[in-house]
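Keep in mind that the numbers below use all heavy atoms, side chains included, and drop hydrogens, waters and symmetry copies. Because the structure is predicted, anything quoted here is derived from the model rather than measured. Whatever order the structure lists ligands and atoms in, that order sets their numbers, starting from 1.
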Amino acid sequence: MKLDSLAIHAGDRKKPGSFVPVTTPIYSSSSFFYSDMETLDRVFAGEIPGQNYARYNNPTTNALEEQIAALEGGDFALACASGMAAIYLALQAALTDRRRSVVAGPVLYGATIRLLHEMLEPNGIEVHFADPCDSQEFAAAVSEHKPGCILVETVANPMLRVTPLDTINEIARRHGAAVVVDSTFATPLLVRPLQLGSDLVVHSLTKYLAGHGDVLGGIVVSREEFRPVLQSISRAVGGVLGPFEAYLAMRGVKTFPLRMTRQCANACRVAGWLASHPRIARVHFPGDPQHPDAAIVRRLFPPNMYGAMVSFEVKDAGKEQIFRLVDSLKMIVPATSLGDVHSMILYPPMSSHREISPKHRQRMGIGENFLRLSVGIEAPEDIIEDLDQALGLG
Ligand SMILES: *Cc1c(COP(=O)(O)O)cnc(C)c1O
């Protein structure tokens, strides 16, 4: 089946009895039993699939896991309480029985950088950074530090650089490192890292996959060989997704391919319009033929799909002008998240990159005039009209 059909059917409609519900219901039950102890014993032993306790399994959450595993082409998935819980779980699994050292891309989601510095480093795990878009620099860092784990994002926030996953996987294979990919920005519609040889794929379900701004969740997708270690850590730590959240996420995922296709098309329109606007100094968009990673985009992404994030710089604007611009938006939502059906705008110096000094931010290319737009599924004319009137005011 194609991705569009898998999103609707994978994992759903399990038969609990002689009737079949057309969608998986919310199983709000903390534990489960069978008509005989023998069966429950075999479920506990892992000899047969089944339900025993909600920290181990839950039918609603399992349905979501099967759905996402199918989309990513993985053997299984484990849903977590948030994207951050999923990243932590994936890193711990990747480092089990490997060298306790990580080489990561330098431009990561802010909380991920904190996780590396505040949770991993104090526990004796070395953390090094190298630019995955510069494969020579990255290969040299991996060769020098011999990490057990490599961590990259498919599309890095907010400069929207695209990681050459095929090259990174090859470098990792030569050195026996496990590759963890945070693919939240790219989604399985643009790239499927497991099929390129990555080991563990992580998503914040909160963003494109659930897509409606109504649920927080995360998920790790992987191959069979990582199942025992992931399950073991997840069951011990217990940061699993609850059945209500799993239900909302699964409902959202069914329309994810439709939404994302529209969002990608809208983003192309908006990026093109912004690039020709006199008040815009610069647009960062992977669909731009001048984008520094245009060759990687052509190699890894399907034709005409570049994701739905667009970053841009407003000519000669400082914080004050940017605040005025954002305050004048009538439809685009000025809140901290991305990937929802509604368009959203974010000011990185105030939010995602607040903790970084202005000088360091400037070196990363994030000036006081920098905005990040998550393009929604509205009519593209309305998104453009809203930006146009707000740009016209200041
Ligand atoms: C949002 C996000 C996360 C964290 O996900 P939560 O669901 O908020 O915990 C991790 N990585 C990326 C790229 C994100 O956008």
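Atoms of ligand 1 found under 4.0 Å from any heavy atom of S204 (numbered from 1 in listed order, with element): 1 (C), 2 (C), 3 (C), 5 (O), 6 (P), 7 (O). Which parts of ligand 1 touch F185 is read off a 4.0 Å heavy-atom cut-off, strictly below it: atoms 13 (C), 15 (O). Contact atoms of ligand 1 toward T206: 7 (O) (distance under 4.0 Å to a heavy atom of the residue).
Looking only at protein heavy atoms, the nearest one to atom 6 (P) of ligand 1 is G83 N, 3.4 Å. For atom 3 (C) of ligand 1, the nearest non-hydrogen atom of the protein is Y109 CE2, 3.4 Å.
For the pair D182 and ligand 1, the shortest N or O to N or O distance falls below 3.5 Å. Some N or O of M84 is nearer than 3.5 Å to an N or O of ligand 1, by distance alone.
Ionic pairing of K330 and E385 is not present here: no N-O contact between side-chain nitrogen and carboxylate oxygen is shorter than 4.0 angstrom.
Linking Ile, Leu, Val, Met, Phe, Trp and Tyr whenever their side-chain heavy atoms come within less than 4.5 Å leaves L216 and F244 in two separate clusters. At a threshold of 4.5 Å between side-chain heavy atoms, the hydrophobic network of Ile, Leu, Val, Met, Phe, Trp and Tyr places V180 and V221 in two separate groups.
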Audit row: F129, H117, ring-ring contact (aromatic ring centres under 6.0 Å, His included) steps and yes/no: CA-CA 11 Å; F129 295 97; H117 287 316; 5.6 Å; yes
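By the 30° and 60° cut-offs, the orientation of the rings of H145 relative to H128 is parallel.
Counting heavy atoms under 4.0 Å from ligand 1, residue L216 touches it through the side chain alone.
In the candidate list H203, E153, K207, K207 is nearest to atom 14 (C) of ligand 1, counting heavy atoms.
At least one heavy atom of G217 sits closer than 4.0 Å to an atom of ligand 1.
Under the side chain to side chain contact (heavy atoms under 4.5 Å, CB included) rule, F301 has a single partner from L190, L189, T154, which is L190.
The closest side-chain heavy-atom distance from H353 to F370 is not below 4.5 Å.
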